[in-house]
Peer 1: 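Please read through the structure below; I'll follow up with questions.
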Amino acid sequence: MWRLWNSIIVLCFLAGLLLTPAMALTVKENYLFYCAPCHGIEGRGDGPNATPTQPVAPRNHRSKKEMSKLSDQDIINVIKFGGRATGISTLMPPYKNTLTEEEIVELKDYLRELCQCRGPE
Amino acid sequence: MLDGLKVISSVLIVYIFIATGSHVWAGVEEGRRLFVEKGCTECHTTERPARAPTFQEFLKEKGPPLWYAGSKFRKDWLRKWLQAPEPVRPMAYNSIKERNPANHPALDGKEAEAVTEYLASLTTDRVKRGIVKPKKTVRGRIIFEKKLGCYGCHLVRKGKRVVGGLSGPTLVGAGKRLNPDWIYAFLKDQNFFIPYTSMPIYVGIVTDREMRVLSGYVAAME
């Protein structure tokens with residue numbers, strides 16, 4: 001009996017190990033880790049990389065005016081392929097091989113929350 | 001007869017060991033001891049972790065991993081830097097809020113010598129030697145400045161000015177600091193070296209050839 005319980009416990013433990021999903025970051029963690037160094041912790045375009053020596057400033061993600069010019073697809077494209085996707089500076093990097101499709105779509109939704117805006121119809 | 005040969009060969013082996021490497025070896029051991037004694041292990045790992053840290057654990061780390069220091073850094077740079085450490089990262093490690101407090105402890109000349117030998121012994125065969133030569137090429141500059149915009153996160157020298165972002169390690173003086181082949185190995189698979197980094201993965205965005213050119217360009221930075 002004791003043995004049976006032991007085996008069951010071990011099996012549960014192993015199953016637990018196998019079933020734990022690969023660790024994914026939350027959208028907020030992704031934003032703070034990947035985007036905030038330029039776009040700022042609150043998304044105001046004022047991260048530590050936004051120095052006066054840079055040729056352009058990172059987009060203020062809270063700006064309704066700027067962000068509502070972009071469609072959802074534009075946002076997804078610029079995150080995936082970088083500045084060249086929307087014809088802006090290549091200072092905006094491409095993340096297609098760094099973040100998953102899902103993470104990129106989550107970031108798009110997160111940006112929409114920051115700007116409280118939608119794209120052009 | 002056979003025994004005689006054995007004795008002669010052991011003597012020879014011991015002799016060769018003493019003649020060639022033992023002083024270096026002694027430096028390595030002394031450096032290893034100092035590294036622990038001086039508290040360096042509080043912020044730096046010297047062995048590849050058996051299990052990758054979780055993201056939260058990683059964010060708590062206070063200094064860069066050094067288990068591949070011998071493949072990453074140039075020895076002469078280590079020797080000097082350990083005696084007069086100046087920030088490599090403008091921001092505090094793993095922070096985008098705080099500046100680097102520039103309070104890295106310094107070692108004296110003898111200590112630095114031993115710790116340099118120790119760190120130089122921490123290598124990984126992931127860094128293949130002799131692939132990248134430092135070279136200031138126009139192609140390298142175009143990839144660095146135009147195609148990827150690396151200065152977005154890294155400081156670089158541009159004429160007499162220093163320009164760029166602050167979140168990544170400075171590339172001013174990168175040629176003196178970094179092994180050219182390490183730069184290439186890092187670009188090819190950064191997560192082998194560090195489990196999380198804000199630097200985007202550029203494999204598949206620039207070609208292998210471009211990466212070599214780019215590594216050579218960075219390795220020539222003054």
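Here is how names work: the chains are called A, B, and so on, in the same order as the sequence lines, proteins then strands, and each is numbered from 1.
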Peer 1: If the plane angle is over 60° it's perpendicular, under 30° parallel, otherwise tilted; pick one for B:Trp67 and B:Phe193.
Peer 2: parallel
Peer 1: Using a strict threshold of under 4.0 Å (side-chain N to carboxylate O), is an ion pair present between B:Asp181 and B:Arg129?
Peer 2: no
Peer 1: Could you look at A:Leu32 and say if it's the side chain, the backbone, both or neither that has a heavy atom under 4.5 Å from chain B?
Peer 2: backbone
Peer 1: What residue in B:Gly168, B:Ser167, B:Cys150 has the most heavy-atom pairs under 4.5 Å with chain A?
Peer 2: B:Ser167
Peer 1: Pick whichever of A:Cys35, A:Ala50, A:Pro55 has the most heavy-atom pairs under 4.5 Å with chain B.
Peer 2: A:Pro55
Peer 1: In terms of heavy-atom pairs under 4.5 Å with chain B, which of A:Thr51, A:Thr90, A:Asn30, A:Ile41 leads?
Peer 2: A:Thr90
Peer 1: Describe, in one word, how the ring planes of A:Tyr34 and A:Tyr95 are oriented to each other, choosing from parallel (under 30°), tilted (30 to 60°) and perpendicular (over 60°).
Peer 2: perpendicular
Peer 1: Would B:Arg126 and B:Phe192 count as a cation-pi pair here, with the cationic atom under 6.0 angstrom from the ring centre and within 45° of the axis?
Peer 2: yes
Peer 1: Going by the angle between their ring planes, with limits at 30° and 60°, are B:Tyr196 and B:Phe58 parallel, tilted or perpendicular?
Peer 2: tilted
Peer 1: Answer with yes or no whether the side chains of B:Glu113 and B:Gln83 bring together a donor and an acceptor at under 3.5 Å.
Peer 2: no
Peer 1: Report the distance from atom CZ of B:Phe55 to atom OG1 of A:Thr26, rounding to the nearest 0.5 Å.
Peer 2: 8.0 Å
Peer 1: Checking an interface table here. Which of residues 198-222 of chain B come within a heavy-atom distance under 4.5 Å of chain A?
Peer 2: B:Ser198, B:Pro200, B:Ile201, B:Tyr202, B:Val203, B:Gly204, B:Ile205
Peer 1: May I ask you to name which of B:Asn191, B:Leu59, B:Leu155, B:Val163 has the most heavy-atom pairs under 4.5 Å with chain A?
Peer 2: B:Val163
Peer 1: Side-chain contact test, heavy atoms from C-beta onward, threshold under 4.5 Å: evaluate it for B:Arg74 versus B:Leu178 and give yes or no.
Peer 2: no
Peer 1: Between B:Arg51 and B:Glu57, is a side chain to side chain contact (heavy atoms under 4.5 Å, CB included) present by the stated rule, with each step listed?
Peer 2: CA-CA 12 Å; B:Arg51 168 186 72 85; B:Glu57 286 168 341; 3.4 Å; yes
Peer 1: Which atoms of B:Leu148 come close to chain A, meaning under 4.5 Å heavy atom to heavy atom: side chain ones, backbone ones, both, or neither?
Peer 2: backbone
Peer 1: Heavy-atom cut-off 4.5 Å, strictly under: side chain, backbone, both or neither for B:Lys97 against chain A?
Peer 2: side chain
